[in-house]
There are 2 protein chains.
Amino acid sequence: MTPRPYPKGERKHLVDAGRDKIIAAASEVLNLDDLSAFSLDAVARRAGVTRMTVYNHFGSKGVLLGEVFDLLVERDAFSGMPALFEAKDLGAALDGLVGMLGRFYDDNRQLMLKMVGVAGLDPDLDKVLLEKNQRRRRGIEAILGKFGAPKKPAVERSELVNTLDVLLSFHTFNSLAGPDRTPAQVVPHVRRMIRGILGERSAPARRR
Amino acid sequence: MTPRPYPKGERKHLVDAGRDKIIAAASEVLNLDDLSAFSLDAVARRAGVTRMTVYNHFGSKGVLLGEVFDLLVERDAFSGMPALFEAKDLGAALDGLVGMLGRFYDDNRQLMLKMVGVAGLDPDLDKVLLEKNQRRRRGIEAILGKFGAPKKPAVERSELVNTLDVLLSFHTFNSLAGPDRTPAQVVPHVRRMIRGILGERSAPARRR
DNA sequence: CGCTCAATTATACACCATGTATAATCTCCT
DNA sequence: AGGAGATTATACATGGTGTATAATTGAGCG
């Protein structure tokens, strides 16, 4: 290794702050309604930084988007995960998960649409997204492990996980919502779908 | 109207043939594994035509993709629709629909991914896709109308349609399949999910 | 056959985005 | 103050979309 004058000094914090500012700016630009507004130039301008700085931190558009998604998923989408383990039963825990994700998809609908879009054209980002989507799967498995499988063991465990994973994906919320509703508004619908899958017939109690 | 020397002569057929050739070429390029291989230049070259000709027929990339999707949906995805009405009951008809769509998604997986991608960034194409996806919804409604709603009327009709629509979407097949399976291979899985929603407990008979 | 006119082509151009390269400048840290 | 890393300014190559325009081809008609 070459000698480093500022191995882990205070400077690193400033640099990291710049990094975060860029990621935040990227999130904001991605969440704009204007579909064609996303470019590294727009991101750099909003971050108060040169386009070159963006390239210095991340090496490409795909990597930047990957990091944005990474941060968002970990910090926003699944931040309420620990609380779900306090739920009284499996149904309640899954209801909580649906609500969490519904809110996240709602806050980031435009961003998610563009993320999926770019991933469809950029192999690098595509791999990152696939990886990050494992996060959701692991969450489902953890909940199922904690509260036990449903009474009806007709469906195999792994298939149940697959099913829940699809029902909890962004695409489910997005297409259920369509152009006129918001993802958050279809949360009750998704909850009913999941109850249907689990074999519980009707919702037990009122739940906001 | 200005006078037209070749109002509806034989020539029009040749022109339309050229149009079709371009659409076919676009489908082929879209179905290549190489994610970044799609450009109007590549389409034109594969069609044995100049890029200008593409712009003469369609006015933009978005419009071309819209027409590609239109043709594919009408000619390939739903061509087997009439046969479904000969099914012996609702479950069988929906099984048939699942099979039809599974095969279509399988044949056009790369294309669908890129289509969704571009639509996420191009507002024009996005509108076209939304419109074309109504085709699936109408198919579901027609089948439900012909065979009657399931015995269990616990869920409302429109919500049932929404649910089936999501389960039959490309995204469902694509994410259930993941990187290792094909959309066609998850057809049985989707059929079980739908039976679960309809309230029928287990598959009635063997079905290929 | 030869003319006409639509369609296609050839060519050039403007614009914008990604990504690379390089030298100059800034600024924190020692 | 000085050194080194981070940022900037600037230029450039590449590749895609979309527009404009003149030249060329070829089917259909008299």
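Keep in mind that what you see is a predicted model, and the values were worked out from it rather than measured.
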Just how far, in rounded Å, is [atom2] of [N] from [atom1] of [X]?
{"X": "B/Phe38", "N": "D/dT17", "atom1": "CZ", "atom2": "C1'", "value": "12 Å"}
{"X": "B/Leu121", "N": "C/dT18", "atom1": "CG", "atom2": "P", "value": "11 Å"}
{"X": "B/Arg19", "N": "C/dA6", "atom1": "CZ", "atom2": "P", "value": "19 Å"}
{"X": "A/Asp122", "N": "C/dA17", "atom1": "CG", "atom2": "C1'", "value": "14 Å"}
{"X": "B/Tyr55", "N": "C/dT9", "atom1": "OH", "atom2": "C1'", "value": "16 Å"}
{"X": "B/Ile22", "N": "C/dA7", "atom1": "CD1", "atom2": "P", "value": "13 Å"}
{"X": "A/Asp41", "N": "C/dG19", "atom1": "CG", "atom2": "C1'", "value": "13 Å"}
{"X": "A/Asp34", "N": "C/dA17", "atom1": "CG", "atom2": "C1'", "value": "15 Å"}

If every non-hydrogen atom of [X] is compared with every non-hydrogen atom of [Y], which pair is closest and at what distance?
{"X": "A/Arg136", "Y": "A/Phe78", "result": "CA-CZ, 3.5 Å"}
{"X": "A/Leu121", "Y": "B/Leu35", "result": "O-CB, 3.6 Å"}
{"X": "A/Thr163", "Y": "B/Met193", "result": "CG2-CE, 3.5 Å"}

Less than 4.0 Å between a side-chain N and a carboxylate O, is that true for A/Asp107 and A/Arg103? no

On DNA chain C, check which nucleotide each of A/Lys61 and B/Gly48 is closest to and give me the residue with the more 5' one. B/Gly48

With the side chain of [X] defined as its heavy atoms from C-beta on, choose the nearest nucleotide among [options].
{"X": "B/Met52", "options": "C/dT18, D/dT19, D/dG18", "answer": "D/dT19"}
{"X": "A/Leu40", "options": "D/dT21, C/dG19, D/dG18", "answer": "C/dG19"}
{"X": "B/Asn56", "options": "C/dG19, D/dA20, C/dT8", "answer": "C/dT8"}

Any side-chain N or O of [X] under 4.0 Å from OP1/OP2 of [N]?
{"X": "B/His57", "N": "C/dA7", "result": "no"}
{"X": "B/Thr53", "N": "C/dA7", "result": "no"}
{"X": "B/Thr50", "N": "C/dA10", "result": "yes"}

Parallel, tilted or perpendicular: which fits the ring planes of B/Phe85 and B/Phe147, with parallel below 30° and perpendicular above 60°? parallel

Is any N or O donor-acceptor pair between the side chain of B/Arg51 and the base of D/dG16 shorter than 3.5 Å? no

